[in-house]
Amino acid sequence: MLFFCSYAYLCSLKNDKVLSMSIELQLKNKVLEAIQQMYGQSVDSENIQIQKTRKDFDGDFTLVVFPLLRISKKPPEQTATEIGEYLKKNIDDISEFNVIKGFLNLTLNTCFWISFLNSVGQKKDFGYITDKEKPNTVLVEYSSPNTNKPLHLGHIRNNLLGYSVAKIIASQGDNVFKVNLVNDRGIHICKSMLAWQKWGDGITPQKAGKKGDHLVGDYYVKFDQEYKKQIEELIKQGLSEDDAKKNAPLILEAQEMLRKWEAKDSETIALWKEMNHWVLEGFDVTYKNMGIDFDRVYFESDTYKLGKEIVLEGIEKDVFIKREDGSVWVDLTDEGLDQKLLLRADGTSVYITQDIGTAHQRFADFNADELIYVVGNEQNYHFQVLKLIMNKLGYNFAEYLFHLSYGMVELPEGKMKSREGTVVDADDLMDEMIRTAEEMSRELGKLDEYSESEKAQINRTIGLGALKYFILKVDPKKNMTFDPKESIDFNGNTGPFIQYTYARIQSVIKKAQLRNKLIPADVQTNTTTTAKELQLIKQIYSFPEVLFDASETLSPAVVANYIYDLAKDYNQFYHELPILNEENENISMFRLFLSQQIGRIIQSGMNLLGIDVPERM
RNA sequence: GGUCUAGUAGCUCAGUUGGAUAGAGCAACAGCCUUCUAAGCUGUGGGUCACAGGUUCGAAUCCUGUCUAGAUCACCA
């Protein structure tokens, strides 16, 4: 290598994991040093703000000098200039600087950036942390469906979030286990069982030619319809609405069925097993289609009694209160909440009782350090209470329970309502997305020369990519609207746009091979570059930080938006500058290499979102 | 009523330890394919960052209050 710069030098000395952040650190230390030298004072390092220079200004990193004026006792411009001169003199990688108001913009030399790019090329999983000193064991519990109806759009958000967050956390060096807690018991399950028994006439998924979850869902709806009729009838007979709801024969029968189930009545259990089996088979198809999976599946029918003993122990510890009627409560009024029931007067468990038990069991089963629940924001209160209770019980893992609370997916006219048939079914939506991808491909004539199976594969990748990206690009905690009439876009800030960019890069790489151009393992650090190319390298530089941030905030949206920006900027580069057609061989190789690295990052980032990228489209 | 979350362009969304002139996409309009994939690129228009105060060199961002929307406060899950 002709040129020599400190980044390459440092790389040869140390493991470069640390270095990804190190230039900022180096700058920060030098600024501290400069202030000490020039103004004879030491500052809190918090006051040294190094940030990336905004696109519309010249420079790579910016020091905000306003907080330092107190010490320099000089105007902003002068302070910035003095520090700039010091840094330029003392850091080899700084090639120039400029000052605008109180902002000191520092530019690193091209050699630094190209050396960095070379180091990215050598790394297997750039941005991943592979050698964390003390990896945590993290459980991500997500999906957690009820086995009485098929999955809908809300579950899609849950599943995609859980799957992606698990991957993102794993990328930062922790051991992650994905767990599913299937809610396969309770009154709602009995409702569809009862309706099937009454009106199903022995129908099965095979006979009906229908997925099991959909078939069972039909009977859940049927129950509701018939139940409503009975309520109306009773109201006509003069009952109040409340009484009618409580005394309708159907609900009484369902309750009786639940009692039989709990008493392990063999007939009831047999029916329950059969129908649950249908549903779970259906879910497996949906999960597989969606491309998500679990390391371990729990069933509520196994776990619903857990927690009772812990609650009873809690009474002895005086953490909980037992009332005269025998019910057990926790008093959270000091924490600004209410009293909460933990065991019914008849000694049976409620929902939160079970969660106390399963939390305990999860930590024990996996020797876990953290437990993340991916659950909708309608249960914020529940998890707040759960955490407080675990805390009161003295579990030190209480502070490592996290509720990844995501917002509801709403339709333009409001919430989805299964009773009103406005639910967007997960299977239907995925199918529709794939169909739309097929139509687009056909219209654009993109896949004409490929075989049917190749076409199907690519359209699937694109259709699901559009859906997944559409959902994951939104900050999890925010509610989002989905308009079924305006189908999900394939242009602009979308999954297919990013996939297209990836396919484009692969196409260039393939063409390079055809022209016998070999992509080098690294490129010359003295290559002439444009601002656009340097900007792309700087964006690559941010990737590790983005993953770290996404992992900390449990937000795939951070990754999604980053990848979009990267793809957008790459497309500009692609349009402005020739790669293979560039006459200067060094430059051509550099651009090819840069393209390859960006392709890798797009793939890596999309992978963390659970989205595949096609080699062509 | 208490608690929590959100409110940014017509629509969907970015903007995260407070920093420079608040950004994308969609939709609308005008351009760019004999050259590496036009699912792309370029340009135009579009804003009282819900509102009012406060904190300070500086606020979409932090604090207080108000308004709006949603969630939740069950011997349901």
Side-chain angles (χ1 to χ4, degrees), chain A residues 46 49 51 53-57 62 64 66-67 69-70 76 100-103 105 146 183 185-188 300 304 325-329 336-338 340-346 348-352 354-355 376-382 384-385 405 407-408 410 412 414-415 437 440-441 443-444 446 462 466 470 473-475 477-483 486 489-501 503-512 514-515 549 552-553 555 557-558 560-562 564-565 568 571-572 574-582 588 591-592 595 616-617:
Chain A
E46 283 166 23
Q49 292 180 39
Q51 48 198 239
T53 305
R54 289 179 48 149
K55 267 184 197 172
D56 20 320
F57 296 92
T62 296
V64 185
F66 293 111
L69 301 182
R70 234 174 315 192
I100 299 170
K101 292 191 225 170
F103 299 93
N105 300 319
N146 293 336
N183 186 339
R185 64 161 286 281
I187 189 74
H188 51 295
E300 214 173 87
Y304 78 106
D325 64 2
S327 60
V328 182
W329 297 73
L337 305 175
D338 298 322
K340 177 87 185 171
L341 177 88
L342 302 179
L343 283 178
R344 295 190 186 100
D346 63 8
T348 55
S349 302
V350 291
Y351 184 56
I352 199 156
Q354 176 196 187
D355 262 345
N377 62 13
E378 56 204 349
Q379 293 194 32
N380 284 352
Y381 182 78
H382 173 77
Q384 203 183 344
V385 169
S405 158
M408 298 290 101
E410 289 169 356
K415 284 185 76 173
M440 298 280 279
S441 307
E443 272 172 36
L444 295 167
K446 290 274 184 180
I462 296 168
F470 177 82
K473 77 170 176 184
V474 181
D475 184 342
K477 68 171 181 280
K478 288 192 177 176
N479 288 354
M480 60 183 293
T481 41
F482 172 76
D483 190 343
E486 290 176 27
D489 249 307
F490 284 63
N491 300 316
N493 186 355
T494 66
F497 171 87
I498 296 166
Q499 291 172 320
Y500 176 76
T501 309
R504 214 176 206 188
I505 290 171
Q506 300 321 304
S507 172
V508 173
I509 290 172
K510 254 174 255 153
K511 202 140 281 182
L514 288 177
R515 297 191 194 175
D549 193 28
E552 288 293 300
T553 55
S555 173
V558 173
N561 287 303
Y562 167 83
Y564 169 69
D565 279 338
K568 176 147 186 65
N571 277 321
Q572 287 168 0
Y574 178 90
H575 206 263
E576 282 169 23
L577 301 166
I579 301 167
L580 300 176
N581 296 338
E582 165 60 40
S588 176
R591 289 180 184 162
L592 190 56
S595 299
R616 57 197 174 215
M617 66 186 272

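Here is how names work: the chains are called A, B, and so on, in the same order as the sequence lines, proteins then strands, and each is numbered from 1.
Counting any heavy atom pair closer than 4.0 Å across all strands shown, A:I498 reaches no nucleic acid atom. Among the heavy atoms of the strands lying under 4.0 Å from A:N105 is at least one base atom, whether or not backbone atoms are also near. Across all strands, A:Y381 comes closer than 4.0 Å only to sugar-phosphate atoms, never to a base (heavy-atom distances). Using a 4.0 Å heavy-atom cutoff across all strands shown, A:K568 reaches sugar-phosphate atoms only and no base atom. Residue contacts shown for A:I462 include a base, since a base heavy atom lies under 4.0 Å away. Contact annotation for A:N183: backbone-only contact, meaning every heavy-atom pair under 4.0 Å involves sugar-phosphate atoms and none involves a base. Within the nucleic acid shown, A:N581 comes within 4.0 Å of at least one base atom, counting heavy atoms only. Across all strands, A:Y500 comes closer than 4.0 Å to base atoms (heavy-atom distances). A:E576 comes within contact range of no nucleotide atom at all, as no heavy-atom separation falls under 4.0 Å. Within 4.0 Å (heavy atoms only), A:T62 reaches at least one base atom of the nucleic acid. Backbone-only engagement by A:V508 is indicated by non-hydrogen atom pairs under 4.0 Å involving sugar-phosphate atoms exclusively.
Under 3.5 Å, the side chains of A:T494 and A:D489 contain no donor-acceptor pair of N or O atoms. A:Q379 and A:Y351 share a side-chain donor-acceptor pair at under 3.5 Å.
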Checking side chain to side chain contact (heavy atoms under 4.5 Å, CB included) for the pair A:N105/A:F103: CA distance, chi angles, key distance, verdict?
CA-CA 6 Å; A:N105 300 319; A:F103 299 93; 4.3 Å; yes
Kindly indicate, with the supporting measurements, whether the criterion side chain to side chain contact (heavy atoms under 4.5 Å, CB included) is fulfilled by A:F66 and A:Q49.
CA-CA 10 Å; A:F66 293 111; A:Q49 292 180 39; over 6 Å; no
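The two residues A:R70 and A:P67 make their nearest non-hydrogen contact at NH2-O, 4.1 Å. Contact record, A:L342 with A:V350: O-CG2, 3.5 Å, taken as the closest heavy-atom pair. Considering all non-hydrogen atoms of both residues, A:P76 and A:L69 come closest at CA-CD2, 3.6 Å. When all heavy atoms are compared, the tightest approach of A:L341 to A:I352 is O-CG2, 3.9 Å. Counting all heavy atoms, side chain and backbone alike, A:M408 lies closest to A:N479 at N-OD1, 3.0 Å.
Per the stacking criterion (ring centres < 5.5 Å, plane angle < 30°), A:Y574 does not stack onto the base of B:rG40. Stacking of A:F57 onto the six-membered ring of B:rA20 is present: less than 5.5 angstrom between centres, less than 30° between planes.
B:rC11 and B:rA50 are spaced 14 Å apart, taking the P atom of each and rounding to whole Å. Rounded to the nearest Å, the gap between the P atom of B:rA9 and that of B:rU56 is 30 Å. Rounded to whole Å, the separation between the C1' atoms of B:rA60 and B:rG15 comes to 8 Å. Across B:rG65 and B:rU16, the matching P atoms stand 25 Å from one another, rounded to whole Å. Here, B:rG10 and B:rG53 have their C1' atoms 31 Å apart, quoted to the whole Å. A gap of 31 Å separates the C1' atoms of B:rG25 and B:rC4, to the nearest Å. The separation of B:rG43 from B:rG23, taken at their P atoms, amounts to 14 Å, rounded to a whole angstrom. Of the C1' atoms belonging to B:rG19 and B:rC62, the separation is 14 Å, rounded to the nearest Å.
The CD atom of A:Q499 sits 12 Å away from the P atom of B:rG40 (whole-angstrom rounding). In this structure, A:D338 atom CG and B:rG2 atom C1' are separated by 8 Å, rounded to whole Å. When rounded to the nearest whole Å, the span between OH of A:Y351 and P of B:rU72 equals 13 Å. With rounding to whole Å, A:Q354 atom CD is found 16 Å from B:rC75 atom C1'. One can place CD1 of A:I187 at 16 Å from C1' of B:rA74, the figure rounded to the nearest angstrom.
The nucleotide whose nearest atom lies closest to any side-chain atom of A:R54 is, among B:rA77, B:rU21, B:rU5, B:rU21. When the nucleotides B:rA20, B:rG40, B:rA6 are ranked by their closest atom to the side chain of A:K101, B:rA20 comes out on top. If you check B:rG19, B:rC75, B:rC4 against the side chain of A:N380, the one that comes closest is B:rC4. Side-chain proximity of A:Q51 to B:rG19, B:rU72, B:rG40: nearest is B:rG19. The side chain of A:N571 lies closest to B:rC41, out of B:rA6, B:rC36, B:rC41. Minimum atom distance to the side chain of A:H575 is reached by B:rC41, of the listed B:rC41, B:rA20, B:rC76. Residue A:T53 has its side chain nearest to B:rA20 when only B:rA20, B:rG19, B:rU5 are considered. Which of B:rU37, B:rA77, B:rU42 sits closest to the side chain of A:E300 comes down to B:rA77. Closest to the side chain of A:L580, from the set B:rG70, B:rC36, B:rU37, is B:rC36. Looking at the side chain of A:E378, the nearest of the listed nucleotides B:rA71, B:rU37, B:rA20 is B:rA71.
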Go along nucleotides 7-15 of chain B 5' to 3' and tag each nucleotide: B for a protein heavy atom under 4.0 Å from its base, S when only backbone or sugar atoms are that close, - otherwise.
S----SSS-
Any chance you could list the contact pattern along nucleotides 55-62 of chain B? Use B for base contacts, S for sugar-phosphate-only contacts and - for none, protein heavy atoms under 4.0 Å, 5' to 3'.
--B-----
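Positionally, the nearest nucleotide of RNA chain B for A:T553 lies more toward the 5' end than for the other of A:A437 and A:T553. Between A:I100 and A:T501, the residue anchored nearer the 5' end of RNA chain B, judged by the nucleotide with its closest heavy atom, is A:I100.
An OP1 or OP2 oxygen of B:rG70 is reached within less than 4.0 angstrom by no side-chain nitrogen or oxygen of A:K415. In terms of phosphate contacts, A:Q379 brings no side-chain nitrogen or oxygen within less than 4.0 Å of OP1 or OP2 of B:rU72. Side-chain nitrogen and oxygen atoms of A:R344 include none within less than 4.0 Å of the OP1 or OP2 phosphate oxygen of B:rA74.
B:rC13 adopts an anti glycosidic conformation, its chi angle falling more than 90° from 0.
Pair check for B:rA28 finds B:rU44; Watson-Crick or G-U wobble, both atom distances under 3.5 Å. Base pairing of B:rG1 is made with B:rC73, judged by Watson-Crick or G-U wobble geometry with both donor-acceptor distances under 3.5 Å. The nucleotide B:rA38 finds no pairing partner, because no Watson-Crick or G-U wobble arrangement with both distances shorter than 3.5 Å includes it. A 3.5 Å limit on both hydrogen-bonding distances identifies B:rG54 as the Watson-Crick or G-U partner of B:rC62. Base-pair partner of B:rG23: B:rC13 (Watson-Crick or G-U wobble, both distances under 3.5 Å).
Classified by interplanar angle (parallel below 30°, tilted 30° to 60°, perpendicular above 60°), the ring pair A:F497/A:Y564 is tilted.
Taking the charged nitrogens against the carboxylate oxygens, A:K477 and A:D475 do have a contact shorter than 4.0 Å, which makes a salt bridge.
Other residues, nucleotides and ligands contribute over 12 non-hydrogen atoms within 6.0 Å of the CZ atom of A:R515.
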